[in-house]
Structures are given as C-alpha cells and as structure tokens.
Amino acid sequence: QVQLVESGGGLVQPGGSLRLSCAASGSLFSINRMGWYRQAPGKQRELVASITSGGTTNYADSVKGRFTISRDSAKNTVYLQMNSLKPEDTAVYSCRGAVYIGATVYTREYWGQGTQVTVSS
C-alpha cells in the first residue's frame with residue numbers, strides 16, 4: 001500500500017557531501033511524520049532527523065549543523081542533505097513514514113529498504 005524508496009547513497013571522502021532522497025507512493029494521506037534513520041554495523045538503529053506535516057524538524061545531536069532534512073510535497077519526496085561528512089557517519093540510511101496521534105505515539109509506520117553511505121578516504 002505504502003512504498004518508500006531511498007536513493008543517493010554512495011562512497012564519499014571525509015568532509016564531502018551527499019544528498020539522499022526518499023520517494024513515497026501509495027496511500028499516504030495519514031502519514032504526518034517522516035524521518036531518516038541509520039544503522040552502523042554492530043550498533044542499534046538511531047534517529048538522524050525527522051520532519052512533521054507542519055514542517056517542524058528535529059535532529060540527532062551528532063548531526064546538528066551538518067545535516068538538513070527537507071520535503072517537496074508536490075513530489076512526495078523527503079531529502080536529507082549531508083555536509084561535512086565524517087567516517088562515523090558510515091551506515092545504512094533508511095527512510096521512515098509514520099502516523100502519529102500524539103507527540104510520541106504512533107499507530108502505523110512504513111520503512112524503505114535503505115541505502116548505504118560510506119565515508120572513507
């Protein structure tokens with residue numbers, strides 16, 4: 001019913017930039033929060049950035065000032081602009097859409113397949 005497809009990952013040198021895209025399709029009317037998560041080998045998945053239907057954003061402390069989440073509603077696409085990349089940013093980045101009925105309570109969630117980001121010399 002709902003499909004999220006990420007793109008834009010790849011290999012980049014430290015200090016470089018990448019722009020990830022998440023294209024959504026299907027029955028999207030109820031989704032009111034989109035987010036980017038990442039998971040590195042041997043570590044738990046963590047929230048990188050999120051954006052609400054009203055445009056409110058939040059970021060993990062580790063990426064504040066370097067990453068920017070944005071959306072293009074006409075294209076049903078969410079972006080993650082990543083600048084000043086560090087080796088510790090290396091991970092699989094996944095897109096998530098969710099239906100929230102409160103600040104922290106959700107009833108539905110959908111995940112993309114993930115895209116690999118590798119920061120290395």
Side-chain angles (χ1 to χ4, degrees):
Q1 186 178 26
V2 173
Q3 185 176 22
L4 306 176
V5 180
E6 303 98 332
S7 62
L11 175 64
V12 65
Q13 294 184 348
S17 298
L18 283 175
R19 180 180 168 92
L20 305 183
S21 299
C22 174
S25 61
S27 301
L28 312 175
F29 301 102
S30 298
I31 295 176
N32 54 15
R33 191 177 302 181
M34 299 292 297
W36 286 97
Y37 291 71
R38 68 185 182 187
Q39 186 169 27
K43 297 183 179 180
Q44 290 189 307
R45 178 180 282 164
E46 64 174 345
L47 174 67
V48 177
S50 66
I51 185 167
T52 69
S53 58
T56 301
T57 60
N58 73 338
Y59 299 89
D61 288 341
S62 60
V63 307
K64 286 182 179 178
R66 300 189 297 122
F67 291 10
T68 303
I69 189 171
S70 62
R71 66 183 181 186
D72 187 336
S73 297
K75 297 181 179 180
N76 292 321
T77 302
V78 177
Y79 305 95
L80 184 68
Q81 179 66 48
M82 305 186 294
N83 298 325
S84 302
L85 283 161
K86 306 174 181 180
E88 50 263 47
D89 294 319
T90 296
V92 174
Y93 285 71
S94 299
C95 179
R96 173 182 181 262
V99 180
Y100 277 80
I101 59 174
T104 62
V105 179
Y106 67 89
T107 60
R108 300 269 184 175
E109 66 175 355
Y110 308 92
W111 289 91
Q113 83 289 344
T115 185
Q116 176 70 46
V117 172
T118 302
V119 185
S120 176
S121 298

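Because only heavy atoms are used, hydrogens play no part in the values below, and waters and symmetry mates are left out as well, while side chains stay in.
- Contact of the Met82 side chain with the Ser17 side chain is not registered, since no non-hydrogen atoms from C-beta on lie closer than 4.5 Å.
- Side-chain atoms of Glu6 never come within 3.5 Å of backbone atoms of Thr115 as a donor-acceptor pair (strictly under, hydrogens ignored).
- When every heavy atom of Leu47 is checked against every heavy atom of Ala60, the shortest pair comes out as O-CB, 3.4 Å.
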| message | Show, in sequence, the C-alpha distance, side-chain angles and deciding distance for Tyr37 and Trp111, and conclude whether the ring-ring contact (aromatic ring centres under 6.0 Å, His included) test is met. | response | CA-CA 10 Å; Tyr37 291 71; Trp111 289 91; 5.0 Å; yes
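- Between Ile69 atom CD1 and Gln81 atom CD the span is 12.5 Å, to the nearest 0.5 Å.
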| Chi angles and distances behind the salt bridge (charged side-chain N to carboxylate O under 4.0 Å, His left out) call for Asp61, Lys64 | CA-CA 5 Å; Asp61 288 341; Lys64 286 182 179 178; 3.1 Å; yes
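- Using a 4.5 Å heavy-atom cutoff, the side chains of Leu18 and Leu85 are in contact.
- Both tests pass for Arg96 against the ring of Tyr106: distance under 6.0 Å to the centre and angle within 45° of the axis.
- Nearest heavy atom pair, residue Arg66 against residue Ser84, reads NH1-O, 3.0 Å.
- By the criterion of side-chain heavy atoms lying less than 4.5 angstrom apart, applied directly or through intervening Ile, Leu, Val, Met, Phe, Trp or Tyr residues, Phe67 is grouped together with Val12 in one hydrophobic cluster.
- For residues 45-60, the pairs satisfying salt bridge (charged side-chain N to carboxylate O under 4.0 Å, His left out) are Arg38-Glu46, with sequence neighbours left out.
- Applying the side chain to side chain donor-acceptor pair (under 3.5 Å) criterion to Gln116, with sequence neighbours excluded, gives Thr118.
- Under the 4.5 Å side-chain criterion, counting only non-hydrogen atoms from C-beta, Arg33 is not in contact with Ser53.
- Using a 4.5 Å heavy-atom threshold, the side chains of Val117 and Thr90 count as separate.
- Annotation: the span from Ile31 atom CD1 to Asn76 atom CG amounts to 9.5 Å, rounded to 0.5 Å.
- For Arg71 and Tyr79, the positive end is not near the middle of the six-membered ring at less than 6.0 Å and at most 45° from its axis.
- Taking both residues in full, the closest heavy atoms of Ala91 and Ala40 are given as CB-N, 3.9 Å, listed atom of the first, atom of the second, then distance.
- In terms of hydrophobic clustering, with Ile, Leu, Val, Met, Phe, Trp and Tyr side chains grouped at heavy-atom distances under 4.5 Å, Val92 and Val119 are assigned to different clusters.
- Tyr100 and Tyr59 fall into different hydrophobic clusters, where Ile, Leu, Val, Met, Phe, Trp and Tyr are joined by side-chain heavy atoms under 4.5 Å apart, directly or via other members.
- Atoms CG and OG1, from Asn83 and Thr68 in turn, are 6.5 Å apart once rounded to the nearest 0.5 Å.
- Between the SG atom of Cys95 and the CD atom of Gln3 there is a distance of 11.5 Å, given to the nearest 0.5 Å.
- Contact annotation: the side chain of Ser120 never approaches that of Gln13 to less than 4.5 Å [non-hydrogen atoms, C-beta and beyond].
- Atoms CH2 and OG, on Trp36 and Ser50 in that order, are 13.0 Å from each other to the nearest 0.5 Å.
- In this structure, Thr57 OG1 and Met34 CE are separated by 14.5 Å, a value rounded to the nearest 0.5 Å.
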